[in-house]
Every structure is written in C-alpha cells, then in structure tokens.
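Reading through the structure tokens given below for one structure.
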Amino acid sequence: MKIIKVENYETLSKKAAEIIAAQVAEKPASILGLATGSTPVGAYQELIRMYKRGEVDFAGVTAFNLDEYHPVKKSGDQSYDYFMKEKFFNHVNVAKTFIPNGEAADHAAECENYEKLVYESGGIDLQLLGIGNNGHIGFNEPADHFPAATHYVALDESTIKANARFFENESDVPKNAITMGIRTIFKAKKIMLLASGAGKAECIKEMVGGKITPKNPSSILQLHPDVTIIVDKDAGRLL
Ligand code: GLP
C-alpha cells in the first residue's frame, strides 16, 4: 500500500483529481470505478474545474459506480444516481456511466447483470474508494465472509446511522443496497482510497495494519497489488 499524507481536505482532493486526470491522459478510454459519500466530492469538483480549463477530457471514459441503495427512486435526491449526476456527470463529458439500478424489481438479476457489465467492459483501470466508519468499502459491510461478486446487502445499523445525515429521518434511509463485491473491486488494476477527518483515523489504522478479516472489509486491500491511500493529517494521525 502506498500512503500519501497531505495537510488537509483541499490538498487531498487536488491530489486525487490529479491522479484520475493522469490516468485518463495516459489512457483516454479508461474505465473508472467511482464512489459516492462526502469524501470524493472535492475531487469531483476539482476534476470539473480541470475539465472546464481543458486540462482533462472524459470523452473516451466509461464509469462504473460502486453501489446504490435499493429500493430507491433514481430521480429522488437521495439516490446515488442523482448524487453522481449532481456532483459530477452533469458537469463533464464522461461518455458512458453505469450505476446499479436501485429501481430494479429483481435485485438478484440486477446484481448479476451489473457484475457482467463490469467484466465485459474489460475491467476497471482505476477504482476510487471512500471508507465507512465500520471499515466498509462500497457497501461491503462487516460480515463473516468476503462477498465476491456484486450482491444485495442489508446495511449495517451503523451505516444507516452514519448515512442518516443525508436524509430527513433515519427511518428514511433504505435498509438495503446493491454493491460491487470484493472480487469486483479487486479486478481493478489500481485502487485509490480517500479518507479525511479524525473520525476516519481508527478505521484507516486498522485497514493498513490490522488483521485481514471480513469483520473489517477494507483490510482485504492489504492484499491488492496496487493501492494508493490518500489521507489528510487528521485521518492519518494514527499511522
Ligand atoms: C457510503 C458509501 C461508501 C462511502 C461511505 C463513506 O456508505 N456507500 O462508498 O465510502 O459512504 O462516506 P463518507 O465519504 O461520506 O464518509
């Protein structure tokens, strides 16, 4: 694991955007794996600025998002579909975008279909990740095994609580989601995980140096051959 410690969230966002832009410059037809959550928002903003200045061109890029709530209305402002359009896709020229369908009537079929789409794309070149306070990546929650493929998941009580800040009431947070699995994520040639703020310090320490266990899904990243972690001073304070 390569760890890059930076001063603050702004520098973290700039660094992450530079790495994504460099990937796209090197391979204009890159397949990018993208993430939601508040952490990558600054990187998306920076990429939008770079795009507007003509410093990056996403015309050949295909993007696959990690996860989506289920059930959720795509057009509703709490779906990850809406989030990605608002925060990134509506402002740049990414050629093709994929997000698991939170409206799918048959969630098992949607998981299978999404997994297939990722594989048929030829595989993700650079996967962006955030991390949940409980160590989840995407929506791979602490469990007794590492789920391999894209799957339907019951969200952890702690995730529902943490994500309630985006909803009017905690009871409005969907109880389930569709997420890429660990193997889906591991097929990515490169992974870049971002973490900011003191609240992430403990899970970052466990991810980097703790026991590899499905109880802390992010710990499996210790086994991937090309992982870059960018942390600000607060999130990296226990490293
Ligand atoms: C959600 C997403 C994750 C994300 C996590 C952390 O649960 N499914 O992909 O990493 O939130 O969010 P934040 O960046 O807001 O701390």
Side-chain angles (χ1 to χ4, degrees), residues 6 8-10 12-13 15-17 32-46 63-72 77-84 86-88 98-102 111 114 118 124 126-143 147 150-167 170 172-182 184-186 188 191-208 216-221 227-232 234-236:
V6 296
N8 53 32
Y9 180 67
E10 195 189 333
L12 173 145
S13 301
K15 186 80 204 153
L32 298 180
L34 298 180
T36 52
S38 44
T39 311
V41 170
Y44 292 146
Q45 284 169 350
E46 187 57 27
F64 283 96
N65 261 78
L66 279 167
D67 50 12
E68 175 61 286
Y69 290 116
H70 189 281
V72 77
D77 61 4
Q78 272 124 4
S79 77
Y80 283 169
D81 199 281
Y82 181 92
F83 176 99
M84 287 308 295
E86 277 284 300
K87 305 286 184 208
F88 192 46
F98 296 94
I99 300 181
N101 181 4
C111 291
Y114 200 73
V118 176
I124 288 164
L126 174 61
Q127 175 68 56
L128 179 63
L129 293 178
I131 184 167
N133 295 323
N134 63 1
H136 75 217
I137 47 177
F139 270 136
N140 287 275
E141 297 283 34
T150 301
H151 60 284
Y152 187 65
V153 63
L155 297 178
D156 211 65
E157 219 23 71
S158 66
T159 299
I160 292 174
K161 278 203 161 45
N163 290 3
R165 67 190 196 275
F166 298 111
F167 294 79
E170 195 178 307
D172 296 336
V173 184
K175 307 281 177 287
N176 295 85
I178 294 172
T179 180
M180 283 187 194
I182 298 296
T184 334
I185 294 172
F186 258 55
I191 294 177
M192 173 166 68
L193 184 141
L194 311 179
S196 165
K200 296 284 170 74
E202 190 62 41
C203 62
I204 287 294
K205 180 182 140 214
E206 282 304 306
M207 172 183 79
V208 170
N216 173 17
S218 66
S219 63
I220 193 88
L221 294 174
V227 179
T228 300
I229 293 152
I230 312 183
V231 285
D232 63 10
D234 291 340

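Order of appearance sets the numbers: ligands from 1, and atoms from 1 within every ligand. If you read the sequence from its start, that first residue is 1, and numbering goes on from there.
- Interatomic distance, His151 NE2 to Thr179 OG1, rounded to the nearest 0.5 Å: 5.5 Å.
- Looking at heavy atoms from C-beta onward, Tyr69 lies out of side-chain contact with Ile178 at the 4.5 angstrom threshold.
- For the atom pair CD of Glu46 and CG of Leu12, the computed distance is 11.5 Å after rounding to the nearest 0.5 Å.
- Using a 4.5 Å cut-off on side-chain heavy atoms (C-beta onward), Pro100 and His70 make no contact.
- Among Asp232, Thr39, Asp234, the one residue that satisfies the side-chain hydrogen bond (donor to acceptor under 3.5 Å, both in side chains) test with Ser196 is Asp232.
- With sequence neighbours left out, Glu157 forms a side-chain hydrogen bond (donor to acceptor under 3.5 Å, both in side chains) with no residue at all.
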Between the protein and ligand 1, are there any N or O atom pairs that come within less than 3.5 Å of each other, and if so, what are their names and distances?
from, atom 1, to, atom 2, distance (Å)
ligand 1, 7 (O), His136, NE2, 3.0
ligand 1, 7 (O), Asn163, ND2, 3.2
ligand 1, 8 (N), Asp67, OD2, 2.8
ligand 1, 8 (N), Gly138, O, 3.3
ligand 1, 10 (O), Ile131, N, 3.2
ligand 1, 14 (O), Ser38, N, 3.3
ligand 1, 14 (O), Thr39, N, 3.0
ligand 1, 14 (O), Thr39, OG1, 2.4
ligand 1, 15 (O), Ser38, N, 2.7
ligand 1, 15 (O), Ser38, OG, 2.6
ligand 1, 15 (O), Arg165, NH2, 2.7
ligand 1, 16 (O), Lys200, NZ, 2.6

